[in-house]
Protein chains: 4
Amino acid sequence: MPSELRKQRDQERTEKRRLSLLESASRVFARQGYHRTLISDIVNDAGVGQGTFYRHFKDKRQIFEALFELLLQKVAAQFQDMESRPPQSAEEFRSASRDAYRRMAQVLDQNRDLASLLLREGRTIDAEFQRTVEGVFLEFAQLAQSFLDLGVARGFARPMRTDIVAQAIVGLVIALADSWWAGRFPGVDIDTLVDESVALAFDGMIAIPNTAQPS
Amino acid sequence: MPSELRKQRDQERTEKRRLSLLESASRVFARQGYHRTLISDIVNDAGVGQGTFYRHFKDKRQIFEALFELLLQKVAAQFQDMESRPPQSAEEFRSASRDAYRRMAQVLDQNRDLASLLLREGRTIDAEFQRTVEGVFLEFAQLAQSFLDLGVARGFARPMRTDIVAQAIVGLVIALADSWWAGRFPGVDIDTLVDESVALAFDGMIAIPNTAQPS
Amino acid sequence: MPSELRKQRDQERTEKRRLSLLESASRVFARQGYHRTLISDIVNDAGVGQGTFYRHFKDKRQIFEALFELLLQKVAAQFQDMESRPPQSAEEFRSASRDAYRRMAQVLDQNRDLASLLLREGRTIDAEFQRTVEGVFLEFAQLAQSFLDLGVARGFARPMRTDIVAQAIVGLVIALADSWWAGRFPGVDIDTLVDESVALAFDGMIAIPNTAQPS
Amino acid sequence: MPSELRKQRDQERTEKRRLSLLESASRVFARQGYHRTLISDIVNDAGVGQGTFYRHFKDKRQIFEALFELLLQKVAAQFQDMESRPPQSAEEFRSASRDAYRRMAQVLDQNRDLASLLLREGRTIDAEFQRTVEGVFLEFAQLAQSFLDLGVARGFARPMRTDIVAQAIVGLVIALADSWWAGRFPGVDIDTLVDESVALAFDGMIAIPNTAQPS
DNA sequence: AATGAATGAGTATTCATTCAT
DNA sequence: GATGAATGAATACTCATTCAT
């Protein structure tokens, strides 16, 4: 009895089906938004029967949740191999920041539909999901804050309310991602976006008098 | 002719009803979110009959739209009397920015429920409303951009991609408002928030070498 | 504003609607059984919209429950004015029993559909309803038992396990009602049924030797 | 020729599967009732695949039918070896009755789950099954009736509507079985139940004057 | 023969909208 | 104009049944 083989093959097929549903859901959510999407839209897009959906997910919320976790995994993977040595100089501080920023930009852009969807609708599902999403935002903010604290402690950054600035930075990233996806920066590449953001965050907007008046 | 008087009184009562429905809608939307709110929730909160809703609004979308316009009006009013004389110095540039920022912070905070709701859910209603909301965001960004352009032109601000920075600034404002409302800044007052934001936007995070090297 | 009048008229109409739904439910349940009956069958029979059902009842179980209570009320009403003076002689004991029996037979027969339905399906709805129904059966059995106990105490009845006999009597009543409704007693009237039951319960089946051997 | 042996073994295994499914069905039906039982409940209990069910039974109704027939067979077996010599005296009449009663009590109690299930739900499956069940009840009633007729003819029993009394007796048996299973007779053994039933059926409840008046 | 993933017909239920009073 | 009971279209979800492996 090749039941072992059978079992494995079945499992693989099941997993494939699940992924195909996730892809369809992502596509349809991106097109119509979470709330205007029916289960039937998803299964039609996936080309499977109505009942098949319920074999893999409890309801619309759960497939959305699964998409959310998928994105989190990808984000985590992107930062997996990131150097963790604390910066030794102002220059290293800045380059580490730029690196983190660039990685975030990349993972967001590589998962554009998913990320855009989750950023836009994640907090409109229900109270619990709202908390989940805000928890993730907060985690990022806290990561940023501890990095800022380090910079302040070592004198690479000026004294500041790092809690406030960290949240501002996260908001800035999200806002720019959103604008970028909305096509409001025609002709701008990601590197420019990153460079401008980092420049703003580090140097601010103010004209630098030193450089301008060398004499 | 009492019919004239009667007519006016009726009209007033009608207007009062409309406002009461708008208030209820705002309250209920804020509590449950747009998508989880039923017409019956709104009329129950307002203490009027189900049919009465339809005498004043076509559907849920329309009352949401009306709330959106109400907020826009209040924002506009806040900026009505703002001085429009272009800044003549770097110092004026900075203070004008802070003033604009503070006004925005005030109007958002005075309409906390409404603003929070619209920022969170405005783009999840439908495609058309999404465009409307993004149009408003864009307007703010453009306003900010033209102000930045002016700063750059006069040498108050360093050269930069003002289109990008403007959107970043708008995102930053929204993110901080959101965090503030979510209670993530316990013990922080609005002025501190504004000051930190302006400091970040103008000076960046970097330690100021001038101060460090006085000689 | 005749809102008072309006309210009353509305309430009356609502009550009428509710009764019409109960009647339809009773009719359809009787025809198809509880489990094979759809909400749509009931509303079609009542000639009202699908949503109207849910304005009056939570679900199919609840309308069944309401029918059950309706029957209980009618049974209670039938026994409302029953004489409660304890029997003073064997003859009174027997006639009081016959009277109770007859009343039960009447109320069951007057609510044939309802009673038949509830006796047949009442215990197949769910565990909780089963307990409810059995509770009612038990109440009747206990009533019968206390009556029997009295008869035994006064010497009108022979010593016996009145708990067992009481339940047997209740079962006997139900079985005969069921057979009667199923048309298994063609040409028999209710009085005959009652008389035979009482004779069986009181005298048993055995030939009476005294009477048979007068000489 | 090993194919012969193989065939037989296969057949045995098939039969074992069938029985295991029947047992599971009986168990699950008894626990949840027919209508609340899903095919999946049965196959899960039996530890076989969903498809296997359909290799042995057409649908839920058919497995219920099979259980019903199983019970009938057991009942028939119980009465197989029963003496068929007509009673020659009042005493034999009574003892034959008690014997039949006791056998019925035994077979019902030995198949408690099955019997309880079929008595409770048998008539709620569909119209056809209802007729089948009522046919079986009727058969029992007719058997009882012909026995009663014989008793009346020979003077062992008083003249009575034997059709009515027979059905009453059957109802009484069922009611007591039901009460017994429901635990409403704590501490009572089956023999007591049988004895009380026979006493009620033969002698009724009335106090026996003979004993009271010895002279 | 056994399996269990896939299927979709069948239903309960919700809720925006209407309209008689 | 206000009301709220009535409505039924729209949808989520279940579960018996099939069938490829």
Side-chain angles (χ1 to χ4, degrees), chain A residues 1-3 5-7 9-11 13-18 21 37-43 46-61, chain B residues 6-7 9-11 13-14 17 37-44 47-61, chain C residues 1-3 5-7 9-11 13-18 21 37-43 46-61, chain D residues 6 9-11 13-14 17 37-44 46-61:
Chain A
M1 237 192 297
S3 94
L5 188 66
R6 164 83 190 277
K7 223 172 238 175
R9 221 180 269 167
D10 275 8
Q11 210 166 342
R13 203 173 316 165
T14 294
E15 187 54 25
K16 208 174 273 177
R17 207 56 92 125
R18 192 186 131 92
L21 276 166
T37 293
L38 311 180
I39 303 293
S40 61
D41 294 332
I42 297 174
V43 298
V48 301
Q50 186 89 353
T52 305
F53 178 90
Y54 291 94
R55 175 160 288 282
H56 295 278
F57 303 98
K58 201 175 115 274
D59 51 21
K60 193 167 63 159
R61 188 191 192 282
Chain B
R6 166 85 184 279
K7 213 176 249 175
R9 218 181 271 167
D10 278 6
Q11 209 166 345
R13 206 175 306 166
T14 297
R17 277 284 157 105
T37 293
L38 312 179
I39 302 292
S40 62
D41 294 330
I42 298 172
V43 297
N44 287 341
V48 301
Q50 187 91 351
T52 305
F53 178 90
Y54 290 92
R55 194 153 289 286
H56 295 280
F57 303 97
K58 200 175 117 264
D59 51 22
K60 192 167 63 160
R61 189 191 193 281
Chain C
M1 237 195 295
S3 95
L5 188 67
R6 164 83 191 277
K7 224 173 237 175
R9 221 180 268 169
D10 275 9
Q11 210 166 342
R13 202 174 315 165
T14 295
E15 187 54 25
K16 207 174 272 178
R17 205 58 91 125
R18 193 186 129 93
L21 276 167
T37 293
L38 311 180
I39 303 292
S40 61
D41 293 331
I42 297 173
V43 297
V48 302
Q50 187 87 355
T52 305
F53 178 89
Y54 291 94
R55 176 159 287 282
H56 295 278
F57 303 98
K58 201 175 116 275
D59 51 20
K60 194 168 61 158
R61 188 191 193 281
Chain D
R6 167 84 185 279
R9 218 182 272 166
D10 277 6
Q11 211 166 343
R13 206 175 306 166
T14 296
R17 276 284 157 105
T37 293
L38 311 180
I39 302 292
S40 62
D41 293 331
I42 298 173
V43 297
N44 286 341
V48 301
Q50 187 91 350
T52 306
F53 178 90
Y54 290 91
R55 195 153 287 286
H56 296 279
F57 303 98
K58 200 174 118 267
D59 51 21
K60 192 167 64 160
R61 189 191 192 281

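Letters A, B, ... mirror the listed sequences (proteins, then strands); counts begin at 1. Please read all numbers here as calculations on a predicted model, not as lab measurements.
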Please classify the nucleic acid contact of C:Val48 as base, sugar-phosphate, or nothing, using heavy-atom distances under 4.0 Å.
sugar-phosphate
Could you run through DNA chain F and flag its stems, i.e. three or more consecutive Watson-Crick or G-U pairs with both distances under 3.5 Å?
E:2-21 with F:2-21
Heavy-atom pair with the smallest gap, counting every atom of C:Thr37 and C:Lys60
O-NZ, 3.1 Å
Please report the closest heavy-atom contact between B:Val43 and B:Gly49, naming both atoms and the distance.
CG1-O, 3.7 Å
Under the rule for side chain to side chain contact (heavy atoms under 4.5 Å, CB included), what residues qualify as partners of C:Thr52, not counting sequence neighbours?
C:Arg17, C:Val48, C:His56
Taking only residues two or more places apart in sequence or in another chain, which ones pass side chain to side chain contact (heavy atoms under 4.5 Å, CB included) with A:Arg55?
none
Has the side chain of D:Asp41 got a donor or acceptor atom that lies under 3.5 Å from a matching backbone atom of D:Leu38?
yes
C:Arg17 side-chain N/O to F:dT7 phosphate OP1/OP2 under 4.0 Å:
yes
For a quick test of reading the model: is some side-chain N or O of A:Thr14 closer than 4.0 Å to OP1 or OP2 of E:dA5?
no
Roughly, in whole Å, what's the span from [atom1] in [X] to [atom2] in [N]?
X	N	atom1	atom2	answer
C:Gln11	F:dG4	CD	P	12 Å
D:Asn44	F:dC15	CG	C1'	13 Å
A:Arg18	E:dA5	CZ	C1'	16 Å
B:Phe57	E:dT17	CZ	C1'	16 Å
D:Ile42	F:dC15	CD1	P	13 Å

Atom pairs under 3.5 Å, N or O on each side, protein against nucleotides 14-16 of chain E: can you list them with distances?
{"unit_1": "E:dA16", "atom_1": "OP2", "unit_2": "B:Ile39", "atom_2": "N", "d": "3.3"}

Of the options F:dA6, F:dA2, E:dA6, whose atoms approach the side-chain atoms of C:His56 most closely?
F:dA6
How far does CD1 of D:Ile42 sit from CZ of D:Phe53, to the nearest 0.5 angstrom?
5.0 Å
Would you kindly compare A:Gly49 and C:Arg13 by the position of their nearest DNA chain E nucleotide and give the one closer to the 5′ end?
A:Gly49
Sequence neighbours excluded, the answer for side chain to side chain donor-acceptor pair (under 3.5 Å) partners of B:Arg61 is B:Glu65, B:Asp126
